[in-house]
Amino acid sequence: MKTDLTDTTASKINKALVKARRAIGTPAVGMVLTLVIVTDEENAYDALKAAGDASREHPSRTLVVIKRVSRSPRDRTQSRLDAEVRVGADAGTGETVVLRLHGEVVDHAQSVVLPLLLPDAPVVVWWPVNAPLDPANDPLGALAQRRVTDTYACEQPVKELAARADAYTPGDTDLSWTRITPWRSMLAAALDQVACQVQGVEVEGEEFNPSCELLAMWLADRLDVPVRRTGSAGPGLTAVRMDTDCGPIVLDRADGSLATLAIQGQPKRAVALKRRDTAELIAEELRRLDPDDTYASALRYGVERLKQENGGDAPAKGERDSGHREAVPAPVESVAKGPAAEAAAEAPVKRAAAK
């Protein structure tokens, strides 16, 4: 069921929601959180589709905030709020309100969103594109317990990662980090099968893919070993090679779907490691609303620290971000082994091989 409201108010939108629920025979509110999507007209459809798919796992009230650009100075002084209310089959398993802001109200979006939040329910704000550099201090971000950005959508992802590290506040996260959860789980599980000293790591992937940078920073932070970042044609992450005193451990995914795990002394294994769509990433982020300390630690490690510790090598060929350089460090010995059960949330824990 859809209801269009032109030049409306938050009070009228709430009344339309109640009326729509009663019309379809579900007067009770069964949502577990409020998801606020801040986007533009171009990306609204894809973001709304992803949120609708994720709502099958997390029934939520989805508020889509679209800030419309006024064409003339006169229009910019006239505030107007248009809304589209969707309930039932048109809104997945929750409720959806598409808010289009015109004129001066664009600068006060929080005043429109605040009355529409579900009472006593967590709030998550997601910026598919054009996220603020400091999400926690953004007027809409200040309303949320969790703030989701996507560095992959930026022109200069590496510089964006540095800005995210400087402004990090507990509750911040990024879909570029969510994309590497299966990789982190698989690598930790691989290290759980051996008792070897990890001496160095190489992360291979697309040149300007922030997920590759985050995985490299995570490994460098948790293993305390040299990490070399090399480029490939993709798609996304293509391989991770860990050199140990027992032989190499290689996780190779050339086609973006099926990977091969090779451990010295063991037969090669094919593992499913497909690239996930946005709906799966958002669903994963909505499963946990507490701060992600592992992400914070990896982010704060920083690409600049990697560059400095590796001798400040020259930028990679074709690089457009002066902050990103391939690292060729001096070997540093470390030992890595960690429980696979905690791999998705924690990095491998270092310990000496004792056998």
Side-chain angles (χ1 to χ4, degrees), residues 1-5 8-39 44 47-67 81-101 105 108-128 131-132 135-149 169-173 175 178 278-279 281-292:
M1 179 177 179
K2 292 184 181 181
T3 304
D4 289 324
L5 302 172
T8 187
T9 63
S11 176
K12 292 179 181 179
I13 294 171
N14 268 319
K15 290 178 181 178
L17 284 168
V18 174
K19 183 178 179 180
R21 285 201 302 269
R22 289 176 177 171
I24 64 174
T26 56
V29 179
M31 276 65 72
V32 298
L33 58 87
T34 303
L35 174 62
V36 181
I37 304 174
V38 187
T39 185
L48 193 52
K49 185 178 184 301
D53 293 341
S55 72
R56 293 180 174 83
E57 183 176 341
H58 309 280
S60 59
R61 174 176 289 180
T62 303
L63 306 177
V64 184
V65 179
I66 302 175
K67 300 179 180 181
L81 170 63
D82 297 334
E84 182 181 322
V85 177
R86 305 179 185 179
V87 177
D90 294 314
T93 58
E95 300 172 344
T96 298
V97 181
V98 181
L99 304 166
R100 289 183 170 86
L101 282 58
V105 73
H108 305 281
Q110 73 280 5
S111 64
V112 177
V113 169
L114 187 58
L116 301 176
L117 301 179
L118 290 171
D120 302 321
V123 179
V124 178
V125 178
W126 170 33
W127 292 269
N137 285 329
D138 181 83
L140 285 172
L143 302 175
Q145 285 76 40
R146 201 70 189 267
R147 296 162 294 275
V148 184
T149 57
T169 301
D172 293 352
T173 191
L175 293 187
T178 316
T278 306
L281 301 177
I282 286 295
E284 178 183 326
E285 283 303 330
L286 296 181
R287 289 183 201 127
R288 55 174 299 174
L289 299 177
D290 55 316
D292 190 341

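From a predicted model like this one, the values you see are computed outputs, not experimental measurements. Residue numbers run from 1 in the order of the sequence given.
- Judged by distance alone, the side chain of Thr34 and the main-chain N or O of Leu118 form a donor-acceptor pair under 3.5 Å.
- Considering every non-hydrogen atom in both Ile13 and Ala83, the closest pair reads CD1-CB, 3.6 Å.
- In this structure, Glu57 and Leu286 have side chains that are not in contact, with every pair of non-hydrogen atoms separated by 4.5 Å or more.
- Panel note: side chain Arg21, backbone Ala16; no donor-acceptor pair is recorded below 3.5 Å.
- Among residues two or more places apart in sequence or in another chain, the side-chain contact (heavy atoms from CB on, under 4.5 Å) test is passed with Ala109 by Val65, Lys67, Leu101, Leu140.
- For the pair Pro135/Thr149, a side-chain contact is recorded, criterion being any heavy-atom separation below 4.5 Å from C-beta on.
- A side-chain donor-acceptor contact under 3.5 Å links Arg288 to the backbone of Pro291.
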side-chain hydrogen bond (donor to acceptor under 3.5 Å, both in side chains) assessment of Glu284 paired with Thr178 = CA-CA 8 Å; Glu284 178 183 326; Thr178 316; 5.1 Å; no
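- Put simply, the side chain of Leu48 reaches to within 4.5 Å of the side chain of Val98, judged on heavy atoms.
- Contact between Glu95 and Leu17 at its shortest, heavy atoms only, is OE1-CD2, 3.9 Å.
- Minimum interatomic distance between Ala121 and Val32 (heavy atoms only, all atoms of both residues): CB-O, 4.0 Å.
- Residues Leu116 and Leu99 meet the side-chain proximity criterion, which asks for heavy atoms closer than 4.5 Å.
- Nearest approach of Gln110 to Pro139, heavy atoms of both residues: OE1-CB, 3.4 Å.
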